[in-house]
Amino acid sequence: MARLPAPLPYAQQVAIFSRLRDANPAPLTELNHRNAYQLVVAVALSAQATDAGVNRATESLFAEVETPQQMMDLGLDGLTEHIKTIGLFRQKAKNVMKLSQILVDDYGGEVPASRAALMSLPGVGRKTANVVLNCIFGHPAQAVDTHIFRVGNRTRIAPGRDVDAVERAIEDNVPAPFQQNAHHWLILHGRYICQARRPRCGICPIEDLCPYEEKTA
């Protein structure tokens, strides 16, 4: 197995994230939500779905449901009707109902500020937990998805063989002042510029700092 390349040195990391920060000083998740519970639901629904698709489905849902108890009152059939345009909607609906019941029974209807507690909820994995910890509770948690995995390896900001390794590489190598927003900048960069099939290197703000050899015009 080939060895992974070394992460970019500290000064280069500072230069890259300074530019990303200058371009977007206060990045936010693109999943619409008004509170912690709605974000848990939105991220749980987003697996193998686009944020835009989830937002279309949750627009009417979140107009009715802001709390776990309101979700329980809506019921499985009501939830399913709202999210039937999302992939795997039947299983996701069951998970949302189960996690809502647990939040009501075990946490007084509140979303816990603990990765372990969040990951104990049905349909909530490490990525979902990290999104909630970062966006709601202000923890510098790194929610690594396919975009961040690609960007981390392609740019050598955070090389790793799997998402867990890339998460650790971000924590180990991205300078502390940028940790809070690192995953937001990286996911947006991967979604709109450093795309999978044809990266848009011609408009990339860090093109001259990126070691990727197969650059496009």
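Because the structure is a prediction, the values reported are computed rather than measured.
With sequence neighbours excluded, no residue satisfies salt bridge (charged side-chain N to carboxylate O under 4.0 Å, His left out) with R3. In this structure, the side chain to side chain contact (heavy atoms under 4.5 Å, CB included) partners of R156, at least two apart in sequence or on a different chain, are P5, L8, P211. T67 meets the side chain to side chain contact (heavy atoms under 4.5 Å, CB included) test with Q69, Q70; sequence neighbours excluded. For Y107, the side chain to side chain contact (heavy atoms under 4.5 Å, CB included) partners are I102, L103, P112, A117, S120, not counting sequence neighbours.
Here the straight-line distance linking atom OG1 of T29 with atom CG of L39 works out to 6.0 Å at 0.5 Å rounding. Interatomic distance, M71 CE to L76 CG, rounded to the nearest 0.5 Å: 10.5 Å. Within the model, atoms CD1 of I86 and OG1 of T80 stand 11.0 Å from one another, a figure rounded to the nearest 0.5 Å. Residue L188 holds its CG atom at 9.5 Å from CG of L20, rounded to the nearest 0.5 Å.
Scanning all heavy atoms of the two residues, the minimum distance from C194 to V151 falls at CB-CG2, 3.9 Å. Contact record, R154 with Y212: CG-CD1, 3.3 Å, taken as the closest heavy-atom pair. When every heavy atom of L186 is checked against every heavy atom of F17, the shortest pair comes out as CD2-CZ, 4.2 Å. Here the shortest heavy-atom pairing between G160 and L4 reads CA-CD1, 3.7 Å. Considering every non-hydrogen atom in both A93 and L79, the closest pair reads O-CD2, 3.5 Å. Of all heavy-atom pairs between N173 and I157, the closest is CB-O, 4.1 Å.
Follow the hydrophobic side-chain contacts under 4.5 Å out from Y192 and you reach V144 in the same cluster. At a threshold of 4.5 Å between side-chain heavy atoms, the hydrophobic network of Ile, Leu, Val, Met, Phe, Trp and Tyr places I148 and V54 in two separate groups. Placement of F149 and I206 within a single hydrophobic cluster is found when ILVMFWY residues are connected by side-chain heavy-atom separations under 4.5 Å, directly or transitively. Criterion: ILVMFWY side-chain heavy atoms under 4.5 Å apart, direct or through other members. Under it, V166 and I16 are part of a common hydrophobic cluster.
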Please tabulate, for the side chains in residues 123-137, all donor-acceptor contacts under 3.5 angstrom to protein atoms that are two or more places apart in sequence or on a different chain.
unit_1	atom_1	unit_2	atom_2	d
R126	NE	E167	OE1	2.9
R126	NE	E167	OE2	3.0
R126	NH2	E167	OE2	2.9
N130	OD1	R115	NE	2.8
N130	OD1	R115	NH2	2.9
N130	ND2	Q142	O	3.0
N130	ND2	E167	OE2	3.3
N134	OD1	Q180	NE2	3.4
N134	OD1	H184	NE2	3.2
N134	ND2	H139	O	3.3
N134	ND2	A141	O	3.1
N134	ND2	Q180	O	2.8

*Which is it for R161 and N153 under the side chain to side chain contact (heavy atoms under 4.5 Å, CB included) test, yes or no, and what are the steps along the way?*
CA-CA 9 Å; R161 299 194 190 280; N153 280 286; over 6 Å; no
*Take V104 and S100 through the test side chain to side chain contact (heavy atoms under 4.5 Å, CB included) and record every step on the way to the result.*
CA-CA 6 Å; V104 169; S100 300; 5.6 Å; no
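Around atom CZ of R90, no more than 12 heavy atoms belonging to other residues, nucleotides or ligands sit under 6.0 Å away. Atom NZ of K84 has 12 or fewer neighbouring heavy atoms from other residues, nucleotides or ligands inside a 6.0 Å radius.
Between R19 and D208, at least one side-chain nitrogen of the basic residue sits less than 4.0 Å from a carboxylate oxygen of the acidic one, meeting the salt-bridge criterion. A salt bridge does not link E59 to R56: none of the charged side-chain nitrogens sits closer than 4.0 Å to a carboxylate oxygen.
Taking the side chain as every heavy atom from C-beta outward, E64 and L74 approach each other to under 4.5 Å. Looking at R200 and T216, their side chains never come closer than 4.5 Å, going by heavy atoms from C-beta outward. The shortest distance between side-chain heavy atoms of I193 and P205 falls below 4.5 Å. Side-chain atoms of E30 and R191, non-hydrogen and from C-beta on, do get closer than 4.5 Å to each other. Using a 4.5 Å heavy-atom cutoff, the side chains of M97 and P122 are not in contact. Residues I170 and H183 form no side-chain contact, since every pair of their non-hydrogen atoms from C-beta on lies 4.5 Å or further apart.
Judged by distance alone, the side chain of W185 and the main-chain N or O of P25 form no donor-acceptor pair under 3.5 Å. K215 places no side-chain N or O within 3.5 Å of a backbone atom of G202 that could act as its donor or acceptor partner. Put simply, the side chain of H33 gets close to the backbone of L31: a donor and an acceptor are under 3.5 Å apart. Side-chain atoms of Q38 come within 3.5 Å of backbone N or O of V65 as a donor-acceptor pair. Under the 3.5 Å distance criterion, the side-chain polar atoms of T58 are left unmatched by any main-chain donor or acceptor of L61. Q12 places a side-chain N or O within donor-acceptor distance of the main-chain N or O of L209, the cut-off being under 3.5 Å.
Under the ring-ring contact (aromatic ring centres under 6.0 Å, His included) criterion, no residue pair touches residues 58-97, with sequence neighbours excluded.
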